[in-house]
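Take a look at the structure below.
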Amino acid sequence: MSAQVIDGKQIALQVRQGVAEKVADLKAKGITPCLAVVLVGENPASVSYVTGKRKALAEAGMKDRSEVLPENTSEEELLALIDKLNNDPSVHGILVQLPLPKHIDEDKVITKIDPKKDVDGFHPVNVGNLVIGKKAFLPCTPHGIIVLLKEIGMETSGKHALVIGRSNIVGKPVSLLLSRKDINCTVTMCHTGTKNLKELTLQADIIVAASGHPHTVTGDMVKDGAVVIDVGVNRIPDSTKKSGFRLIGDTDFEQIKEKASFITPVPGGVGPMTIAMLMYNTLEAAENSIEK
Ligand code: GUN
C-alpha cells in the first residue's frame, strides 16, 4: 500500500480562507480581530514560527500588535507587557512564543495572560475547561490534528489512537481531544517511560507522533492501513540547503508511506494547521468580546 499524503498546507488554507471571510464580516461591524504575538529573544525556530504567524494575520485581515523583545528582557518587564495587553480592549488575543529564555518562569507568564485572550489555550483555566468538557480555547496543534482527521473523512469512533509524547502543548491535549465524544477513540498515551512501544504502535489505527525525536516511529512499527500524524519538527544539518538545515519529523516518512493509509509530511502537514487554528482562535476571541 502507498499512503495518501495529507496536504496540511491546502487544508490550512481552507481554514484560513473561512476565517478571513468571517473577519471581513466582523470588520463590517466595526471590529478588527487583533492578536499580539510576543517573542522574547532570537531562537531561530521561534523567529521562523512567529514570522509565519504574523504573515497569516495579515492575510486574514487581522490587526497585528506583536512585540519583539530582547533576550535579556526581565520577567517583570514581560509580565508588565502582558498586563498592558490584557487591559487593552482592542487586543483580542495574546500569544507568548515558547520556549522563553531560562531566566523567565514560563508558568508565571502563561498564567498572567487573561484566559479570554489565551488563544494558545495554555492557561490553566482553558486547560481545565478542556479536561471537563466546557467551552475553552483549544490548543492550536492538537485542534489542527483533529481537523485533519475529520478532513480525511476517517471513521474514528471506536478506533485505537496512540499518542507518543506527554507535553502540555501536544501530547496531553491531543489525547483528551481524541477521546472526546466527537472523535470517540480509545486512547493510549506513550512517553519515555513506555517499555513496549512497538508492541503498542502495532495495535494502533491512528498514531500521533509528538516525541520530539527524529524517526521515533519506523515502518516496522506501523500496522497496515494505519493513519500516521507526525507532529515533529526536528532541524538536521543539510549543506545542500541555503539555510544549512532541513526539517524532519518524528516518523520515518519513506518507510511508513508503504504501510499507512494516510500520512502527514514534514514540513507541510501539521505545521500549517497550527497557524490556521491560531487564526481561528483569534477570530473566536474577537467574536466573544462582542458577546460580553
Ligand atoms: N512553541 C512551540 N509551539 C508553540 C505554540 O503552539 N505556541 C506557543 N506560544 N509557543 C510554541
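Keep in mind that this is a model prediction, so the values were computed, not measured. One-based numbering, in listed order, for ligands and for the atoms of each.
Checking L69, V109, V68 one by one against V40, the side-chain contact (heavy atoms from CB on, under 4.5 Å) holds for a single residue, L69.
Side-chain contact, H160 with T188: a donor N or O sits under 3.5 Å from an acceptor N or O.
Between the K117 side chain and the V91 main chain, a donor and an acceptor come within less than 3.5 Å of each other. Proximity of a side-chain donor or acceptor of D230 to a complementary backbone N or O of D250 within less than 3.5 Å is detected.
Using a 4.0 Å cut-off between heavy atoms, L95 contacts ligand 1 through its side chain alone, with no backbone atom that close.
Residue L98 has at least one heavy-atom neighbour below 4.0 Å for each of these atoms of ligand 1: 1 (N), 8 (C), 9 (N), 10 (N), 11 (C). Within ligand 1, counting atoms from 1 as listed, the ones closer than 4.0 Å to a heavy atom of V96 are 8 (C), 9 (N).
For atom 8 (C) of ligand 1, the closest non-hydrogen atom on the protein side is D120 OD2, 3.4 Å. In terms of protein heavy-atom proximity, atom 11 (C) of ligand 1 is nearest to Q97 NE2, 3.4 Å.
Considering only heavy atoms from C-beta on, Q14 comes within 4.5 Å of E151 through its side chain.
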